[in-house]
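Note that the coordinates shown come from a computational prediction; the quantities given were computed from them, not determined experimentally. When a residue number appears, it is its place in the shown sequence, counting from 1.
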Amino acid sequence: MELPRIEPYKIKMVEPVNFSTREDRERWIREADYNLFNLKSDQVIVDLLTDSGTGAMSQQQWAEMMLGDEAYAGAASYFKLKEAVSEILGFPFFLPTHQGRAAENVLFQTLLGHDAPDQVIPGNSHFDTTKGHIEFRHAKPLDVTIAEAFDTTLEHPFKGNLDLGRLEAALREYGPARIPLVLVTVTCNSSGGQPVSLENLRGVRELCSRHGVRLFLDAARFAENAYFIKTREPGCADRSVREIVREMFSLADGFTMSAKKDGIVNIGGLLGFRDEELFRRCCTFNIVFEGYITYGGLAGRDLGALAQGLRESTEFDYLEARVGQVAHLGRRLRELDIPVQWPIGGHAVFVDAKKFLPHIPQAEYPAQLLGVELYLEAGVRGVEIGTLLADRDPVTREDRYPALELLRLAIPRRVYNLQHMEYIAAGLKNVWDRRDSIKRGFGIAWEAPIMRHFTVRLHRL
Ligand code: F0G
């Protein structure tokens, strides 16, 4: 009999789960104004709100936490991180930041200033905080993801790819004067944790070089992206994950990274550069917003844990178990006929709420509704990636209806096991079986002007 592949680690420390009844959850979600962000974590049984900062660190990472020294400047752990950034990512200059959006803040403040209404930033479905940082400075994020990404049923190995024709048209139309950078998110969170191929990245690089525009990666899930390249892209099967990572980064002029994902730390971010001059300019804002340039809002110990995390997340066996667990959940849901974004992404399963609840109009937030129903059913907390997240149009103030209305079930790294995946699938199957009895969605009782999904208050219609 063939031995199944198993996780390349065992569990040494556990965190208890609080169980609850449906009645408890009815009360809690009402008190939370039907916003899953307002729940307390002990009101949740399986927490799939995010894979960000929720992973389990290894014993080596915890050892680095103990070894990290807490010097304000030049801590030994900073130099460990510098070595890892140089060795694994191939970047000479970097700044630590307290998380990914902080790196975005430093970069966009340096490149855009406070008010840059004529600036355009093309990319593949920018993440919401990235979009927030761009729009906050009155610039425009331009989504040039390939059209295939928006059909959840279509089989395509690299749904994170950019449409090179549309990118080239944007580069022609706006030019380097109006495009400070092209931003490629690997894997692309907003389109379903979908990877970008090396071939596509090389194409983007070529276009950027031809038009004299910088190319940055949003590298939060760079290792998962490299895993997909190794397992899906022709000619890459025999290359190591590390080699692929090096090539991905070698194509970029810089990167932002939320280290809370593939850095497998609970807090941290990075901003990397090839250009020393841009690095110097960003140092000023890093000091103002984050902290001195060798700690950037983190404790010395965090830097050591991150250095180790970058090494662990680029191990093939780890990635195989990690991406395999997410795929297992996705396949189970598909077997149960539940509509999911296909193929399954690296960090999450995205349930297609438009197909799950076709009778609920987008104006009633069907993905949010599905998230609340799954919580009531099984105490599983996902997150809406749909109309609430898309925010209103900054000019017309109308709801923006995205092509996809998704419930994201993000799997934390090294936290849950296969039995948890079965539990999630059973919970969702029960909602699926009673989907016709779910009649109405939500209205908005209160919302913030930007990034409203975090704090929105909803009422049942
Ligand atoms: N870029 C991407 C692609 C992300 O997914 C995130 C965060 C960020 C940037 C911002 O990083 O949270 O460290 O400030 N994504 C989390 C998520 C929050 O749930 O997908 P951060």
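Going from atom CG of L162 over to atom CD1 of I146 covers 9.0 Å, rounded to the nearest 0.5 Å. Interatomic distance, CZ of R460 versus CG of L458, reported as 10.0 Å (0.5 Å rounding). A distance of 8.0 Å separates CG in D391 from CD in E447, rounded to the nearest 0.5 Å. Taking CH2 of W28 as the start and CG of L39 as the end, the distance is 9.0 Å to the nearest 0.5 Å. For the atom pair I29 CD1 and L36 CG, the distance stands at 4.5 Å (nearest 0.5 Å). We find the OH-NE2 distance between Y174 and H211 to be 14.0 Å, quoted to the nearest 0.5 Å.
Taking 4.0 Å as the cut-off between side-chain N and carboxylate O, E405 and K355 do not count as a salt-bridged pair. Between R331 and E335 there is no salt bridge, since none of the side-chain N atoms of the basic residue sits less than 4.0 Å from a carboxylate O of the acidic one. Under 4.0 Å is where a charged nitrogen must lie from a carboxylate oxygen, and between K429 and D433 at least one such pair does. Using a 4.0 Å cut-off between charged nitrogen and carboxylate oxygen, E26 and R30 do not count as a salt-bridge pair. For the pair E422 and R332, the salt-bridge criterion is met [side-chain N within less than 4.0 Å of a carboxylate O]. The residues E224 and R413 are annotated as salt-bridged, a charged nitrogen and a carboxylate oxygen being separated by less than 4.0 angstrom. By the 4.0 Å N-to-carboxylate-O rule, D47 lies close enough to R381 to be salt-bridged with it. The residues R214 and D275 are annotated as not salt-bridged, no charged nitrogen and carboxylate oxygen being separated by less than 4.0 angstrom. Salt-bridge formation is not detected for the pair E384/R408: no Lys NZ or Arg NE/NH1/NH2 atom is positioned less than 4.0 Å from an Asp or Glu carboxylate oxygen. Using a cut-off of 4.0 Å between Lys/Arg side-chain N and Asp/Glu carboxylate O, D253 and R274 are scored as not salt-bridged. Between R27 and E23 there is no salt bridge, since no side-chain nitrogen of the basic residue lies less than 4.0 Å from a carboxylate oxygen of the acidic one. The pair E377-R25 does not count as a salt bridge, with every side-chain nitrogen at least 4.0 angstrom from each carboxylate oxygen. Salt bridge annotation for E312-R414: present, with a cationic side-chain nitrogen under 4.0 angstrom from a carboxylate oxygen. In summary, D399 and R452 engage in a salt bridge, as defined by a charged side-chain N under 4.0 Å from a carboxylate O.
Within a 6.0 Å sphere centred on CD of E155, heavy atoms belonging to other residues, nucleotides or ligands number more than 12. By the neighbour-count criterion of 12 heavy atoms within 6.0 Å, atom CZ of F136 is sparsely surrounded, having that number or fewer from other residues, nucleotides or ligands.
Screening V431, L406, L409 for a side-chain contact (heavy atoms from CB on, under 4.5 Å) involving V351 leaves a single residue, L409. Exactly one residue among H114, Q109, Q119 makes a side chain to side chain donor-acceptor pair (under 3.5 Å) with R137. That residue is Q109.
In this structure, R457 is not positioned above the aromatic face of Y34 in the sense of NZ or CZ being under 6.0 Å from the six-membered ring centre and within 45° of the axis. For R435 and W432, the positive end sits near the middle of the six-membered ring, less than 6.0 Å away and at most 45° from its axis.
For the pair Q325 (side chain) and Y416 (backbone), a donor-acceptor distance under 3.5 Å is present. Using a distance-only test at 3.5 Å, with no hydrogens or angles considered, no donor-acceptor pair links the side chain of T387 to the main chain of Y365. Judged by distance alone, with hydrogens and angles left aside, the side-chain atoms of D143 form a donor-acceptor pair with the main-chain N or O of S125 at under 3.5 Å. Panel note: side chain N266, backbone G55; a donor-acceptor pair is recorded below 3.5 Å. Judged by distance alone, with hydrogens and angles left aside, the side-chain atoms of Q43 form a donor-acceptor pair with the main-chain N or O of K40 at under 3.5 Å. Within the 3.5 Å criterion, the main-chain N or O of G427 finds no donor-acceptor partner in the side chain of N430. A donor-acceptor contact shorter than 3.5 Å links the side chain of T396 to the backbone of E398. For the pair D218 (side chain) and L183 (backbone), a donor-acceptor distance under 3.5 Å is absent. A donor-acceptor pair is defined here as one N or O able to donate and one able to accept, closer than 3.5 Å; no such pair exists between the side chain of E247 and the backbone of L198. Between the Q99 side chain and the R101 main chain, no donor and acceptor come within less than 3.5 Å of each other.
Closest non-hydrogen pair, V380 versus L48, comes out as CG1-CD1, 3.8 Å. Of all non-hydrogen atoms in Q368 and N35, the two that sit nearest each other are NE2-CA, 4.0 Å. Residues E373 and I438 come closest through the heavy atom pair CG-CD1, 3.7 Å. Taking all atoms of both residues into account, the shortest heavy-atom contact from V196 to G160 is CG2-O, 3.4 Å. Heavy atoms only, all atoms of each residue included: I344 and G330 are closest at CD1-CA, 3.5 Å. Among all heavy-atom pairs drawn from K159 and E148, the shortest one is CE-O, 3.5 Å.
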**Q.** Chi angles and distances behind the side-chain contact (heavy atoms from CB on, under 4.5 Å) call for E364, L461
**A.** CA-CA 8 Å; E364 296 183 15; L461 293 171; 3.5 Å; yes

Q: Carefully, step by step, assess H453 and D128 under the rule side-chain hydrogen bond (donor to acceptor under 3.5 Å, both in side chains).
A: CA-CA 10 Å; H453 57 293; D128 58 351; 2.9 Å; yes

Q: Before giving the answer on ring-ring contact (aromatic ring centres under 6.0 Å, His included), spell out for F93 and F273 the whole-Å C-alpha distance, their side-chain angles and the decisive distance to 0.1 Å.
A: CA-CA 5 Å; F93 304 109; F273 316 85; 7.8 Å; no

**Q.** side-chain contact (heavy atoms from CB on, under 4.5 Å) evaluation trace for V184 with L201
**A.** CA-CA 8 Å; V184 179; L201 266 177; 4.0 Å; yes

**Q.** Criterion side-chain hydrogen bond (donor to acceptor under 3.5 Å, both in side chains) on T130 and E104, from CA distance to verdict
**A.** CA-CA 7 Å; T130 320; E104 292 166 1; 2.9 Å; yes

Q: Kindly indicate, with the supporting measurements, whether the criterion side-chain contact (heavy atoms from CB on, under 4.5 Å) is fulfilled by N161 and E199.
A: CA-CA 9 Å; N161 280 357; E199 185 191 17; over 6 Å; no

Q: Starting from the C-alpha separation in whole Å, work towards a yes-or-no answer on side-chain hydrogen bond (donor to acceptor under 3.5 Å, both in side chains) for D352 and T152.
A: CA-CA 7 Å; D352 187 335; T152 57; 2.7 Å; yes

Q: Assess whether side-chain contact (heavy atoms from CB on, under 4.5 Å) is satisfied between L171 and V213, documenting all intermediate values.
A: CA-CA 8 Å; L171 288 163; V213 170; 3.7 Å; yes

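A donor atom on one side chain and an acceptor atom on the other are found under 3.5 Å apart for S209 and R205. Side chains of N189 and H347: a donor on one and an acceptor on the other come within 3.5 Å.
Residues I121 and V182 fail the side-chain proximity criterion, which asks for heavy atoms closer than 4.5 Å. Counting heavy atoms from C-beta on, the side chains of F94 and L271 never come closer than 4.5 Å. A 4.5 Å side-chain heavy-atom check between C283 and L95 finds at least one atom pair inside the cut-off. The shortest distance between side-chain heavy atoms of F285 and L107 does not fall below 4.5 Å.
Residues F249 and F255 bring their aromatic ring centres within 6.0 Å.
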